[in-house]
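The next block holds one structure in the form of structure tokens; read it before the comments.
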Number of protein chains: 2
Amino acid sequence: MMEVKTRPRTAQTLREALEDDIAVGRYPPGSRLDEVTLATRFAVSRTPIREALIELSVAGLVEIRPRRGAFVRDIGISRLVEMFQVMAELEAMCVRLACRRMTAEEQAVLVAAHEACILAADQQTPDDYFHANERFHEAIYAASHNGFLAEQARALQNRLKAYRRLQLRVRNRVKGSLAEHQAIVDAVLEGDAEKAENVLRSHILIQGERFNDFVASLDGAKASLLS
Amino acid sequence: MMEVKTRPRTAQTLREALEDDIAVGRYPPGSRLDEVTLATRFAVSRTPIREALIELSVAGLVEIRPRRGAFVRDIGISRLVEMFQVMAELEAMCVRLACRRMTAEEQAVLVAAHEACILAADQQTPDDYFHANERFHEAIYAASHNGFLAEQARALQNRLKAYRRLQLRVRNRVKGSLAEHQAIVDAVLEGDAEKAENVLRSHILIQGERFNDFVASLDGAKASLLS
DNA sequence: TCAATTGTTTTTGTATACAAGCGAAGTGGT
DNA sequence: ACCACTTCGCTTGTATACAAAAACAATTGA
């Protein structure tokens, strides 16, 4: 069997490596994750592979069907909308708390992250914007001063990573995202918690909708998901 | 070493067994979970024990410090408050959605669960009330018609199980809890989503506060936590 | 020709064996 | 006597071996 480029396994854990491979689409939803194949690919025994797969299954990215193996969890579109709904609520909570509690430094970090987003959006590199966007939201999580909430938000953001990335491909979505960020920053700087909360909530909800559009637009042409 | 009563391991998984043991206090926060000890206790090899511990660590009940073992996660009081805050928001979201979406049958289930709580509260058995209470909240999760949200709510409720149980020991807490439930049911039946949301939110937040009281009241006498 | 049953093969789940790191205790030096 | 260093034991992390279940294929009977 033809060996595809195997990442050198720097210092990152097996779990992170698999997480990335799933997010990037190397292992598409529904595909089987064979233990021995993975073991040979990463040049380890089955044991650490199994442990990584268990972690991923608890985290929700992988489904382990007893006695028949691990599969990349295929999230239906309706469940995806549900997840974005919860994500919206978590982020709304974050920004609400952030409005009350955030320090001047944290405000500066948020503004800087926003400006980085603007820069990344200008040059037509969608992946750069994707990462700048992640840091923007991270700034809000951290500013909530609720460590547990921030963890939950990060975990769910990570679980939705693949879909958030795709959703950015929708026409004019980056521009729209940016405008929403601006509104959020404005509200936060004004200290208008209620406004910030509402804008952020719909900023997330719109992602679920745009993803829906995206899927609908390709319809039969599932193959191009990995284009 | 003296063998304490080892549960016969009916059909439940190792993970659930350990979860229970932690919730019940057999393994108090901070205590070390030795792999070989657990292996002999459950009469299995280290492998399935390790896998269960990994699951628990991802779920957040256990902390695995590399190369030094697994410990029951010791949740500080401030983090606990954070967790109750998030729980409150999740439940508020559940009831808000439930108000809009719940069917007549689901309303009936909720009312029935509430009545079961009243019955359980009358007879002075705190554990019965605890379980009836769980079913009451479960009815709300299910009625949200957002499967993912319901899963998240259940997971967090489970993680807080030990603390919710203790918090019920505070003077008059059961009576107070019941009154709050009544208010929630009323609001839901009226279809007043905003009211239901607010009442439920503070119903959860109050648990964090009452737990705080509870800890403060014993103060030095940590030993009696397991009374 | 098709279905069913049986035998083979592949794959998961568990046990055991082995390697390597951390901690504790002991030893030697100052 | 006190501190640093070394060594030994115990525990985790990983590899391998084995058992059992599921998938697959082939053969036989209708």
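By convention in this document, chain letters (A, B, ...) are assigned in the order of the sequence lines, proteins followed by strands, and residues within each chain are numbered from 1.
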Can you sort out which residues in residues 52-63 of chain B have a heavy atom within less than 4.0 Å of DNA chain C? Ascending by number, please. none

For A/R65, report the nucleic acid contact type (base, sugar-phosphate, nothing); a contact means any heavy atom under 4.0 Å. nothing

Let me know, please, whether B/P48 or A/V36 comes out on the 5' side of the other along DNA chain C by nearest nucleotide. A/V36

Would you tabulate the side-chain donor-acceptor contacts of residues 93-102 of chain A under 3.5 Å, counting partners in other chains and residues two or more places apart, or write 'none'?
| from | atom 1 | to | atom 2 | distance (Å) |
| --- | --- | --- | --- | --- |
| A/R96 | NH1 | A/E197 | OE2 | 3.1 |
| A/R96 | NH2 | B/E89 | OE1 | 3.2 |
| A/R101 | NH1 | A/S144 | O | 2.9 |
| A/R101 | NH1 | A/H145 | O | 3.2 |

Compile the donor-acceptor pairs under 3.5 Å between side chains in residues 130-140 of chain B and protein atoms, sequence neighbours left out, one pair per line.
| from | atom 1 | to | atom 2 | distance (Å) |
| --- | --- | --- | --- | --- |
| B/H131 | ND1 | B/D127 | O | 3.0 |
| B/N133 | OD1 | B/H137 | NE2 | 3.4 |
| B/N133 | OD1 | B/H181 | NE2 | 3.0 |
| B/E134 | OE2 | B/R164 | NH2 | 3.2 |
| B/H137 | ND1 | B/E91 | OE1 | 2.8 |
| B/H137 | NE2 | B/H203 | NE2 | 3.3 |
| B/E138 | OE1 | B/R154 | NE | 2.7 |
| B/E138 | OE2 | B/R154 | NE | 3.3 |
| B/E138 | OE2 | B/R154 | NH2 | 3.0 |

OP1 or OP2 of C/dG13 under 4.0 Å from side-chain N/O of A/R67: no

Identify, between A/T47 and B/L33, the residue whose nearest nucleotide on DNA chain D lies closer to the 5' end. B/L33

Nucleotides bounding contact with chain A, strand DNA chain D, heavy-atom threshold 4.0 Å: D/dT14 to D/dA23

Within the structure provided, determine whether B/Y141 and B/L90 are in side-chain contact (heavy-atom separation under 4.5 Å). no

Name the atoms and distances for all side-chain donor-acceptor pairs under 3.5 Å in residues 69-80 of chain B, with sequence neighbours left out.
| from | atom 1 | to | atom 2 | distance (Å) |
| --- | --- | --- | --- | --- |
| B/R79 | NH2 | A/E151 | OE1 | 3.2 |
| B/R79 | NH2 | A/E151 | OE2 | 2.4 |

About how many Å separate CD1 of B/I22 and CG of B/L56, when rounded to the nearest 0.5 Å? 5.5 Å

Once rounded to the nearest 0.5 Å, what's the spacing between atom NE2 of B/H114 and atom CG of B/L119? 11.0 Å

Salt-bridged, B/R41 to B/D21, with N to O below 4.0 Å? yes

Report the distance from atom CG of B/L156 to atom NZ of B/K161, rounding to the nearest 0.5 Å. 13.0 Å

Please report the distance, rounded to the nearest Å, between CZ in A/R32 and P in C/dT10. 13 Å

Report the distance from atom CZ of B/R50 to atom P of C/dG13, rounded to the nearest whole Å. 17 Å

Quick check: are there more than 12 heavy atoms from other residues, nucleotides or ligands sitting under 6.0 Å from CZ of B/R171? no

Whole angstroms only, please: what is the CD1-C1' distance between B/I64 and C/dG21? 17 Å

Terminal axis angle for the helix from C/dT1-D/dA30 to C/dT30-D/dA1, five pairs an end, nearest 10 degrees: 10°

Working to the nearest 0.5 Å, report the span between CD1 of B/I49 and CD1 of B/I54. 11.5 Å

Could you check if a side-chain atom of A/L38 sits within less than 4.5 angstrom of a side-chain atom of A/E35, using non-hydrogen atoms only? no

